[in-house]
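One structure is given below, encoded as structure tokens.
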Amino acid sequence: MFLFSIYIYVLFLYPIIKRGVFMSVRVRYAPSPTGLQHIGGVRTALFNYLFARSQGGTFILRIEDTDRERFRQDALEDLFDTMDWLGLSWDEGPITGGSCEPYVQSQRIDLYTEYAGKLVETGNAYPCYCTPERLSALRAQQEQNKSAFVGYDRHCRDLDPTDAPGGVKPVIRLKVPLDGETAFTDLLMGTITRANRDISPDPVLLKSDGFPTYHLANVVDDHLMGITHILRAQEWIPSGPLHVLLYRAFGWEAPKYCHLPMVMGHDGQKLSKRHGSTSVQEFREQGYVPEAMVNYISLLGWSWDGEREFFTREELEKLFTLEKINKAPGVFDYKKLEWFNGHYIRQKSTKELKDLIIPFLERDGVIASPPSPEEQEMVDRMIPIVRERLHLLKDVSDMTRFLFQDVALPPASEIIPKKCDAAVTADILAHAAALLEDMDTADDEVLESRFRAKADELGVKLGAMLMPVRSAVTGSKVSPPLFESLRLLGKQRVLLRMQRALDVMTSEARK
RNA sequence: GUCUCCUUCGUCUAGUGGUUAGGACACCGGGUUUUCAUCCCGGCAACAGGGGUUCGACUCCCCUAGGAGAUGCCA
């Protein structure tokens, strides 16, 4: 019976599984740890992740660290940290492991050597002994001559093995057909065709240091890891046909391709440092929350119905579809991201927001690290009045510093309300102080009507009555709602600061 | 230079032959209000251009223009 099962499996089921009929979606995010995770990479990661989740597929993380020159350990840590922060968990990859281990290319070099060797054996690739010097000289010459043909001149393509120079560690190059054309189907773009003569002339597959280039490693690993769909940025379109050629040379079936629109800066160029923050780390330091990042980025090149704009990651995991991805590149809009951020901050509970802002207050020296019990309490109490005012978490420091520290008095000109002078302002402050006798217990309405009545009596507007108090106590013309702020601070400190302002006003009035 | 891809308000986008071309951000007005913010109301603003196909094109086809990307022993 057991043998019979195996027989059935081999005869019927295995071919079907191999043809992919039952094969579920397997996608990967394959970053190169050469720098901090940036918006473009995160977008690719997100779309791959969402596609996998929406299809009940597998999301794989693979580290493409084949460039030993540019590899950075901190970049790798930043990658894990960023994925974690955004909530993009991978099913297979480093740390988690999986059935296709290892997921770090530098640990798979034997594989690439082996497969490059196969290509040489089958005549699809060849060793090239040209030195980097010769190649750069060649390129310089082509540039100078304005040559129509740019790139490697295929010098070693038909080299007799016996003529190979000794002592030179060769690279392995792909033998790209000289004639014909190669096409592949992109899920978004349709069929993309390229004449073989326009494909990069015999690109390097295996470098002289024994490491593979992206082209080889990517094709070998995607095949070995059973990747079914490749979602990557459109900057890879030109090498699509090249990869197809590689799959063919190996006799493998290529995965499906879906090239994602690029993320641009406001000037239409590929998003870079000069447009503003690009690394996720920078966004975190400014106080963006992951919900806003995920929501905004998901809408960069994708939309649900053009109307709905708020999506949690969990919702996106269900709703995401490749069909709704846009073809055209999109400009990264910092303002809209900020708007999303404000929205998600407003959604936070007191507890959540407290945990989010404390690190910023500590960082900016507004409170001690760790905060004292008094500071903890103040943070708890101030949350309701800062919540709807924050767009970026880092703004909390400037907004609430006056609650924790003594603040400098603004210049006299900023304390004196419009249409008033120093003498009147001093008068206002004196009256205001008197009105605040029971401020810690009176409610806003009572205080306000009291101030309103006094303002009428003095012949000024309510605003003119309040502004000097605001300036004196918060050190700024802009602050959270005044009465609440005063209560947070406590009568003693409030009156002290008002007295100080009053003194300045009186001496100013004597001038 | 060559090759490939792209093209709806300033920006992100909806729209798949017949719509007053819709929404959001930004911006500008107004309201609420104690400054700021939130919130509410209103406004501005787009089918790159030219040819076809069609009774009828933002929608289909062609050309032009513009933009982007690629052209590495980087990914």
Side-chain angles (χ1 to χ4, degrees), chain A residues 30-34 64-67 69-70 128 130-132 135-136 139 142-143 146-152 169-173 186 188-190 192-195 197-201 203-209 211-215 217-218 232-241 259 261-262 264 266 268-270 296 299-310 324 326-340 342 346 385-391 399 444 447-448 451-452 461-467 469-471 474 476-483:
Chain A
S32 174
T34 54
E64 308 224 329
D65 58 346
T66 55
D67 185 340
E69 308 260 312
R70 298 200 303 152
C128 165
C130 294
T131 60
L135 296 176
S136 65
R139 196 163 310 133
Q142 288 168 341
E143 233 163 82
K146 299 214 162 93
S147 157
F149 182 88
V150 186
Y152 180 54
K169 189 118 198 316
V171 300
I172 303 296
R173 286 180 182 273
D186 183 278
L188 250 35
M189 238 66 80
I192 294 172
T193 313
R194 214 171 171 196
R197 81 181 107 81
D198 292 326
I199 293 176
S200 174
V204 170
L205 299 178
L206 209 59
K207 301 183 254 188
S208 55
D209 64 1
F211 276 71
T213 59
Y214 169 78
H215 302 298
N218 144 279
R232 52 153 51 156
Q234 281 174 4
E235 60 189 332
W236 291 106
I237 288 181
S239 43
H259 287 93
M262 310 250 302
M264 315 302 245
H266 51 76
Q269 309 275 118
K270 198 166 151 181
Y296 175 67
L299 258 20
L300 235 186
W302 179 85
S303 73
W304 173 245
D305 60 2
E307 300 280 323
R308 182 172 170 187
E309 56 197 346
F310 293 120
K324 290 170 189 283
N326 214 100
K327 290 189 207 183
V331 175
F332 191 85
D333 187 345
Y334 290 86
K335 279 284 177 52
K336 189 146 189 179
L337 205 214
E338 195 176 309
W339 174 76
F340 269 112
R346 271 172 252 132
I385 62 169
V386 299
R387 183 188 279 117
E388 71 192 22
R389 266 160 263 271
L390 289 177
H391 289 137
M399 197 176 284
D444 285 1
L447 287 178
E448 188 182 325
F451 269 77
R452 210 176 276 281
K461 292 240 171 93
L462 179 63
M465 187 79 200
L466 260 17
M467 196 47 92
V469 180
R470 187 189 307 281
S471 300
T474 71
S476 166
K477 290 169 82 174
V478 178
S479 82
L482 190 57
F483 296 137

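Proteins come first, then strands; the chains are lettered A, B, ... in the order of their sequence lines, and each starts at number 1.
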Looking at every strand, decide which applies to [X] at a 4.0 Å heavy-atom threshold: base, sugar-phosphate, or nothing.
| X | value |
| --- | --- |
| A:M262 | sugar-phosphate |
| A:F451 | nothing |
| A:H259 | nothing |
| A:D186 | nothing |
| A:G301 | sugar-phosphate |
| A:L482 | base |
| A:P480 | base |
| A:G463 | nothing |

Taking the six-membered ring for Trp and the single ring otherwise, decide whether the centroids of A:Y214 and A:W236 are under 6.0 Å apart.
-> yes
Distance flag, aromatic centroids of A:W302 and A:Y296, threshold under 6.0 Å = no
Give the rounded distance in Å between these two atoms: [atom1] of [X] and [atom2] of [N].
| X | N | atom1 | atom2 | result |
| --- | --- | --- | --- | --- |
| A:D333 | B:rC25 | CG | C1' | 6 Å |
| A:L337 | B:rA24 | CG | C1' | 14 Å |
| A:W302 | B:rA24 | CH2 | P | 18 Å |
| A:W339 | B:rU11 | CH2 | C1' | 14 Å |
| A:I385 | B:rU35 | CD1 | C1' | 13 Å |
| A:W304 | B:rC12 | CH2 | P | 22 Å |
| A:F332 | B:rU13 | CZ | P | 12 Å |
| A:E388 | B:rU38 | CD | C1' | 4 Å |

[X] side chain to [Y] backbone, donor-acceptor under 3.5 Å:
| X | Y | answer |
| --- | --- | --- |
| A:S303 | A:D305 | no |
| A:Q234 | A:K327 | yes |
| A:E338 | A:H391 | no |
| A:K207 | A:T66 | yes |
| A:R194 | A:P238 | yes |

Which atom names give the shortest non-hydrogen contact between [X] and [Y], and what distance separates them?
| X | Y | result |
| --- | --- | --- |
| A:Q142 | A:G151 | NE2-O, 2.8 Å |
| A:R389 | A:I385 | NE-O, 2.7 Å |
| A:T213 | A:V204 | OG1-O, 2.8 Å |
| A:I237 | A:I192 | CG2-CD1, 3.9 Å |
| A:L135 | A:C130 | CD2-CB, 4.1 Å |

Reckon [X] has a side-chain N or O less than 4.0 Å from the OP1 or OP2 of [N]?
| X | N | value |
| --- | --- | --- |
| A:R346 | B:rA37 | no |
| A:K146 | B:rG1 | no |
| A:N326 | B:rU8 | no |
| A:K335 | B:rC12 | no |

Protein N or O to nucleotides 41-43 of chain B N or O, pairs below 3.5 Å:
none

Taking only N/O atoms, report every protein-nucleotides 31-33 of chain B pair under 3.5 Å with atom names and distance.
none

Polar pairs (N or O, both sides) under 3.5 Å between protein and nucleotides 72-75 of chain B?
residue, atom, partner, partner atom, Å
B:rC73, O2, A:S208, N, 2.8
B:rC73, O2, A:S208, OG, 2.8
B:rC73, N3, A:S208, OG, 3.1
B:rC73, N4, A:C130, O, 3.1
B:rC74, OP2, A:K207, NZ, 2.9
B:rC74, O2', A:D67, OD2, 2.8
B:rC74, O2', A:R70, NH2, 2.9
B:rC74, O2, A:R70, NH2, 3.3
B:rA75, OP1, A:T66, OG1, 2.9
B:rA75, OP1, A:K207, NZ, 2.9
B:rA75, OP2, A:Y214, N, 3.0
B:rA75, O3', A:E64, OE1, 3.0

Taking the nucleotide of RNA chain B with the closest heavy atom to each, which residue, A:V478 or A:L188, is nearer the 5' end?
->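 The residue closer to the strand's 5' end, by nearest nucleotide, is A:L188.
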When the nearest nucleotide of RNA chain B is assigned to A:K324 and to A:F149 on a heavy-atom basis, which residue is associated with the more 5' position?
->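 Its nucleotide being nearer the 5' end, the pick is A:F149.
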Could you give me the CA-CA distance, side-chain angles and deciding distance for A:H259 and A:L188, then say whether side-chain contact (heavy atoms from CB on, under 4.5 Å) is met?
-> CA-CA 7 Å; A:H259 287 93; A:L188 250 35; over 6 Å; no
Can you tabulate the close N/O pairs, meaning under 3.5 Å, that link protein atoms to atoms of nucleotides 59-67 of chain B?
none

Among B:rU11, B:rG22, B:rU34, find the nucleotide with the atom closest to the side chain of A:F483.
-> B:rU34
Picking from B:rG22, B:rC12, B:rU35, the nucleotide nearest the side-chain atoms of A:P481 would be B:rU35
Both distances under 3.5 Å, Watson-Crick or G-U wobble: report the partner of [N], or none.
| N | value |
| --- | --- |
| B:rA45 | none |
| B:rU19 | none |
| B:rU59 | none |
| B:rC39 | B:rG31 |
| B:rU53 | none |
| B:rA68 | B:rU4 |

Restricting to nitrogen or oxygen on both sides, can you table the protein-nucleotides 2-4 of chain B pairs closer than 3.5 Å?
residue, atom, partner, partner atom, Å
B:rC3, O2', A:R194, NE, 3.2

Is atom CZ of A:R308 surrounded by more than 12 heavy atoms (other residues, nucleotides or ligands) closer than 6.0 Å?
-> yes
B:rU4 to B:rU8 separation - C1' atoms, rounded to the nearest Å | 24 Å
Report yes or no: is there a donor-acceptor pair, N or O only, under 3.5 Å between the side chain of A:K270 and the base of B:rA68?
->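 Checked by distance alone, the answer is no.
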Mind checking side-chain contact (heavy atoms from CB on, under 4.5 Å) for A:K461 and listing every partner two or more places apart, or none if nothing turns up?
-> none
Going through the distances and angles, do A:R470 and A:S476 end up as a side-chain contact (heavy atoms from CB on, under 4.5 Å)?
-> CA-CA 7 Å; A:R470 187 189 307 281; A:S476 166; over 6 Å; no
Under the side-chain contact (heavy atoms from CB on, under 4.5 Å) criterion, do A:Y152 and A:R173 qualify, and how do the steps go?
-> CA-CA 10 Å; A:Y152 180 54; A:R173 286 180 182 273; 3.3 Å; yes
Salt-bridge criterion met for A:E448 and A:R452 (N-O under 4.0 Å) |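 Salt bridge: yes.
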